[in-house]
There are 2 protein chains.
Amino acid sequence: MSEALPGTLRPRERILLAARDLFHRHGLRGVGVETIAEAAGTNKMTLYRHFDSKDDLIIAYLRGIAVEVDEMWRDIERNHPGDMQGQLKAWLVFAEECVTADDRGCDLANAAVELTDDDHPGRRIIEELKSNHRNRLAALCRRAGIPQPEVLADTLTLLLEGARVSRQTVGSRGPSSNFIRTAEKVIESFMARSSKTAAAKTAGAKTKLSGTRLTAKRVVHKRA
Amino acid sequence: MSEALPGTLRPRERILLAARDLFHRHGLRGVGVETIAEAAGTNKMTLYRHFDSKDDLIIAYLRGIAVEVDEMWRDIERNHPGDMQGQLKAWLVFAEECVTADDRGCDLANAAVELTDDDHPGRRIIEELKSNHRNRLAALCRRAGIPQPEVLADTLTLLLEGARVSRQTVGSRGPSSNFIRTAEKVIESFMARSSKTAAAKTAGAKTKLSGTRLTAKRVVHKRA
DNA sequence: GGCGGACATTACCGGCCGGTAACACCGCGG
DNA sequence: CCGCGGTGTTACCGGCCGGTAATGTCCGCC
């Protein structure tokens with residue numbers, strides 16, 4: 001129904017956009033290929049000319065999320081070159097956006113719930129993306145001179161994943177409302193340990209993170 | 001296939017057991033009623049004599065999880081009467097069991113992912129159960145004399161939910177492997193604040209949680 | 001004994017879904 | 001002008017799914 005997303009986009013891109021929206025809202029198994037094609041302003045035949053199967057479309061959908069996450073990381077590095085404290089703060093902004101964007105949670109995690117077959121190629125993509133995110137966050141913490149950077153990265157990951165799934169079940173007034181506060185406290189506590197044991201490795205960095213209120217510079221499409 | 005779960009159980013209970021297992025492994029939308037009936041050693045007709053519809057069965061399935069969680073809380077209170085520190089530690093044991101049980105995550109959270117319709121009655125059950133869990137945990141923290149008990153309960157909730165979903169996507173060697181350590185640290189840090197500001201309200205309670213290794217006394221069926 | 005209720009069996013229905021075939025159209029470059 | 005590749009349209013297929021009907025069977029209980 002409707003001439004959705006006409007622009008100058010080719011059918012393939014329109015299909016991917018429609019799939020992104022519908023998979024996000026209704027789940028992988030909750031929407032059929034015909035619905036996606038029509039939402040993209042085309043039809044099933046054209047869809048199957050660009051994608052071998054629904055599973056193939058799902059994989060392209062997951063890869064699309066991957067490139068968006070990559071752009072997020074590039075933005076962070078571009079906006080705070082060499083400033084690891086700033087990059088960590090920017091990551092927090094992104095994380096908070098992820099939590100508050102809507103109450104459907106993380107597309108990757110949701111896809112993992114529905115891809116119950118361990119052999120599904122989508123599962124490997126999801127695992128790779130989540131691992132990458134964890135590793136990049138750990139690298140960021142390490143370069144920021146924080147002790148036990150992997151532990152901090154894991155803790156922040158757990159808090160973020162938990163906040164997203166919690167928001168999905170009990171809404172925005174549940175435990176997820178404490179995500180930012182808690183994440184900041186955790187970072188501060190790790191940094192405090194650093195200032196006790198060794199001198200700050202990054203020159204002139206304040207070890208306080210709170211104070212300045214976090215605001216988004218650009219709306220990244222909240223999946224990760 | 002096969003005479004599953006014959007025992008002395010009536011068809012209704014066998015169906016609920018089979019539904020529990022299959023919904024957990026394949027998701028709500030990933031298994032049909034006929035499969036469930038056959039796994040329960042009966043057939044579709046009998047299933048529909050006990051449940052009005054598949055949605056009705058799903059609701060019974062969710063309520064079944066609810067009673068199991070209630071039993072968990074009763075066990076905790078029974079095994080550590082009046083000892084809030086012990087109850088909190090027991091909750092941690094339960095939480096760790098939830099994380100390490102398998103890599104399919106939380107049945108309630110998974111169900112929320114698949115119940116994409118906001119009007120589905122199952123969503124209200126899930127929300128109620130998750131809220132109850134949060135409130136009981138907060139009450140436990142409060143009675144343990146911990147300052148900001150709600151904040152601690154929310155933090156532990158986020159860590160637990162995050163650990164379960166993370167294990168589902170990147171496996172047991174990912175961030176979820178740090179769940180217990182982090183949760184213990186968080187509890188300790190909240191308790192430390194307590195010993196600075198006010199005397200412990202529970203008589204003679206040690207404010208240290210680590211040291212003694214956590215072990216499960218009884219295998220509770222890991223959903224919550 | 002026989003009666004009633006719970007359970008089994010089989011067959012069936014309509015609908016949706018993933019996927020395909022066949023054909024018509026249209027614009028662009030040779 | 002022709003051809004061709006990308007697209008739209010319609011119809012179709014087999015399979016599965018949620019749900020129902022009719023009938024038969026067995027077992028306990030009066």
Side-chain angles (χ1 to χ4, degrees), chain A residues 1-23 25-62 111 114-117 119-122, chain B residues 1-23 25-62 111 114-117 119-122:
Chain A
M1 44 175 99
S2 84
E3 272 286 325
L5 331 158
T8 178
L9 286 74
R10 314 280 294 164
R12 187 172 206 277
E13 319 308 322
R14 302 204 311 267
I15 291 170
L16 281 172
L17 279 164
R20 176 96 74 140
D21 176 46
L22 292 171
F23 282 154
R25 275 160 46 202
H26 306 296
L28 305 180
R29 296 197 278 223
V31 56
V33 286
E34 187 140 32
T35 307
I36 294 173
E38 283 172 4
T42 178
N43 52 35
K44 205 164 37 161
M45 250 344 284
T46 305
L47 188 151
Y48 275 103
R49 276 188 206 106
H50 290 283
F51 304 95
D52 292 342
S53 63
K54 186 180 182 181
D55 276 346
D56 192 34
L57 175 60
I58 288 174
I59 289 176
Y61 157 72
L62 294 173
E114 295 207 80
L115 266 28
T116 55
D117 184 358
D119 297 336
H120 196 292
Chain B
M1 46 176 96
S2 84
E3 270 288 327
L5 331 157
T8 177
L9 286 74
R10 316 278 296 163
R12 187 171 206 276
E13 319 308 321
R14 301 203 311 266
I15 290 170
L16 282 172
L17 278 158
R20 175 95 74 141
D21 176 47
L22 293 172
F23 283 154
R25 276 160 43 201
H26 307 293
L28 304 180
R29 296 196 281 224
V31 55
V33 287
E34 187 140 30
T35 306
I36 295 173
E38 284 172 4
T42 178
N43 51 36
K44 207 166 31 162
M45 245 352 279
T46 305
L47 188 151
Y48 275 103
R49 269 186 216 106
H50 290 283
F51 304 95
D52 292 342
S53 63
K54 185 181 182 180
D55 276 345
D56 192 35
L57 174 59
I58 288 174
I59 290 176
Y61 157 72
L62 295 173
E114 296 207 78
L115 266 28
T116 55
D117 184 358
D119 297 337
H120 195 292

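Naming convention: chains lettered A, B, ... in sequence-line order (proteins, then strands); numbering from 1 in each chain. Computed from a predicted structure; not experimentally measured.
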Separation of atom [atom1] in [X] from atom [atom2] in [N], rounded to whole Å:
X	N	atom1	atom2	answer
B/Leu47	D/dT20	CG	P	12 Å
B/Arg12	C/dA6	CZ	P	13 Å
A/Leu9	D/dT7	CG	P	12 Å
B/Glu13	C/dC7	CD	P	10 Å
A/Glu38	D/dT9	CD	P	10 Å

Closest approach to the side chain of A/Met45, judged atom by atom: which nucleotide of D/dG8, C/dA21, C/dC7 is it?
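Given the options D/dG8, C/dA21, C/dC7, the side chain of A/Met45 is closest to C/dA21.
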
Let's see if you can work this out: which of D/dT7, C/dA6, D/dT9 has an atom nearest to the side-chain heavy atoms of A/His50?
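Within the option list, the nearest is D/dT7.
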
Distance-only donor-acceptor test (3.5 Å): side chain B/Arg49, base C/dG5
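Not at all, since no donor on one side and acceptor on the other fall under 3.5 Å apart.
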
Please determine whether a side-chain nitrogen or oxygen atom of B/Thr42 lies at a distance below 4.0 Å from atom OP1 or OP2 of C/dC7.
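No.
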
Does a side-chain N or O from B/Thr46 land closer than 4.0 Å to OP1 or OP2 of C/dA8, or not?
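Indeed, a polar side-chain atom of B/Thr46 lies that close.
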
Scan nucleotides 25-29 of chain C against the protein and return all N/O pairs shorter than 3.5 Å with their distances rounded to 0.1 Å.
none

When you compare the protein's N or O atoms with those of nucleotides 13-18 of chain C, which come within less than 3.5 Å of each other, and at what distance?
{"residue": "C/dG18", "atom": "OP1", "partner": "A/Lys54", "partner atom": "NZ", "Å": "2.7"}
{"residue": "C/dG18", "atom": "OP2", "partner": "A/Val33", "partner atom": "N", "Å": "2.8"}

Which residues satisfy the side-chain hydrogen bond (donor to acceptor under 3.5 Å, both in side chains) test with B/Arg25, sequence neighbours excluded?
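Counting only residues at least two positions away or on another chain, B/Arg25 forms a side-chain hydrogen bond (donor to acceptor under 3.5 Å, both in side chains) with B/Asp21.
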
Residue closer to the 5' end of DNA chain C, A/Asp52 versus B/Asn43 (nearest nucleotide):
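First, find each residue's nearest nucleotide; the 5'-ward one identifies B/Asn43.
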
